Protein chains: 2
Amino acid sequence: MSEQTIPVVKTIAIAGGTGKEGKGLAYRWAKAGYQLIIGSRNLEKAQAAAADLNTLLAGKAVVTGMINQDAVSKADLAVLTVPYSAHVESLQGLKESLAGKILIDVTVPLVPPRVTRVQPPPAGSAAQEAVQIVGEATRVCAAFQNISYEHLLNDEEITCDVLVTGVDKEARSIVLKLAADAGMVAWDAGVIENSIVIEGMTSILIGINKQFGVQSAGIQVTGVPRPSALEK
Amino acid sequence: MSEQTIPVVKTIAIAGGTGKEGKGLAYRWAKAGYQLIIGSRNLEKAQAAAADLNTLLAGKAVVTGMINQDAVSKADLAVLTVPYSAHVESLQGLKESLAGKILIDVTVPLVPPRVTRVQPPPAGSAAQEAVQIVGEATRVCAAFQNISYEHLLNDEEITCDVLVTGVDKEARSIVLKLAADAGMVAWDAGVIENSIVIEGMTSILIGINKQFGVQSAGIQVTGVPRPSALEK
């Protein structure tokens with residue numbers, strides 16, 4: 001790790017980015033001035049999602065669509081937003097393209113139908129599973145698992161904080177900056193072994209949503225000075 | 001479970017209650033009108049802690065001190081506030097006294113010196129470890145793991161919410177009521193398998209405290225109607 005240079009992030013790939021999570025994050029980062037590539041296993045789907053975003057962005061930025069491997073290869077940093085059922089296979093297919101880069105894993109290991117029950121995978125968390133697959137060549141972080149993605153595309157204020165875990169502090173600091181650029185308040189939540197707390201919080205928030213008949217439950221950190229979100 | 005009656009909680013035992021966590025909770029509940037028994041392995045220590053609390057309560061309530069087994073036997077509901085290193089042994093010693101009661105496990109499975117790293121026990125969480133030891137005769141819940149206990153004894157407002165897990169919904173609802181009576185906002189966080197999220201959040205909050213040089217980091221649930229705390 002000590003020989004790696006601090007990457008300057010200009011281009012971000014969202015692998016498995018055709019769903020609302022990936023599109024929501026891509027929209028925010030494109031607005032903040034990053035170059036965005038939506039990745040999918042299916043080129044046409046990736047290009048359709050990119051076209052949707054370009055309509056929404058109305059000329060403020062240009063998003064492109066590629067198959068996942070190409071998207072990751074052309075980016076400085078990759079984000080993975082796939083259903084948990086596609087987690088292992090996606091990472092195996094992207095391992096080579098991810099080498100030397102930071103990966104932000106957004107995956108929550110939900111096991112339907114009991115999505116309100118925390119059910120960690122054998123690795124301990126989805127993020128630790130990612131580390132097992134991609135190895136030390138990729139700096140794995142995890143973030144954004146608790147965000148209600150509807151709010152991202154609607155330019156609404158995000159009242160849910162982002163907790164960032166990762167294999168090293170420098171990689172986490174880069175993710176903290178990206179979260180702030182997307183208009184969110186983010187906190188360094190420590191080592192990758194802490195990821196199950198944040199992944200599992202999603203199950204608890206789904207349960208609270210069900211109790212109150214809403215889809216907006218989130219969490220905020222209290223008792224410390226609040227960094228401001230840097231939405232652009 | 002279906003044959004059990006809803007327990008009316010009047011007397012609460014705090015096993016291992018001579019530390020700041022146990023005394024803080026006891027103080028709040030005594031003020032709210034509950035009868036409190038501080039338990040310890042050492043009778044003199046239990047009585048000394050009770051005497052401290054009685055001074056603080058200035059006649060508003062009377063707290064007594066007993067050895068742990070006696071305290072739990074005489075109570076309607078028991079709370080366990082011991083360091084993780086004493087968790088298994090304490091529960092083994094209290095198994096018989098706990099039968100037929102609700103247990104609120106406050107234990108966080110911290111493994112010094114790496115207390116900012118989530119390190120779940122083989123059972124998955126301290127609370128699930130408690131279930132393994134006490135069995136189905138006791139209704140295990142877990143709560144209050146994220147609270148900064150200094151604030152309890154100082155009559156300060158608690159800006160950290162309480163997330164309550166437990167083996168059944170009715171037991172969790174009783175814990176929700178106790179948290180509100182102690183002046184805290186509490187949420188039903190679901191089944192006991194979700195406990196690692198809340199226990200592990202303590203490690204993340206310790207890490208955030210270290211980053212900011214404070215001891216007050218907590219979390220709040222956002223995006224849903226906030227129940228009011230019922231401090232008395």
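Naming convention: chains lettered A, B, ... in sequence-line order (proteins, then strands); numbering from 1 in each chain. No experiment lies behind these values; they were computed from the predicted model shown.
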When you measure from the side chain of A:N194 to the backbone N and O of B:T116, does any donor-acceptor pair fall under 3.5 Å? yes
Please check: side-chain N/O of B:T222 versus main-chain N/O of A:T159, any donor-acceptor pairing under 3.5 Å? yes
Report which part of A:P225 has an atom under 4.5 Å of a heavy atom belonging to chain B: side chain, backbone, both, or neither. both
When rounded to the nearest 0.5 angstrom, what is the spacing between CD1 in B:I219 and CE in A:M201? 4.5 Å
Engaged part of [X] at the chain A interface, taking heavy atoms whose separation is under 4.5 Å:
X      : answer
B:I192 : neither
B:V214 : side chain
B:Q220 : both

Side chains of A:R114 and B:V191: closer than 4.5 Å at any heavy-atom pair? yes
Please check if the number of heavy atoms outside [X] that lie under 6.0 Å from its [atom1] is greater than 12.
X      : atom1 : value
A:Q132 : CD    : yes
A:E89  : CD    : no
B:E150 : CD    : yes

Considering non-hydrogen atoms only, spot the tightest contact between [X] and [Y] and give its length.
X      : Y      : result
B:G223 : A:S216 : O-OG, 2.6 Å
A:I196 : B:V197 : O-CG2, 4.1 Å
B:E193 : A:V118 : O-CB, 3.8 Å

In terms of heavy-atom pairs under 4.5 Å, which option from B:N209, B:T165, B:I208 contacts chain A the most? B:I208
Name the option with the most non-hydrogen atom pairs under 4.5 Å to chain B; the candidates are A:G190, A:G207, A:A189, A:S148. A:A189
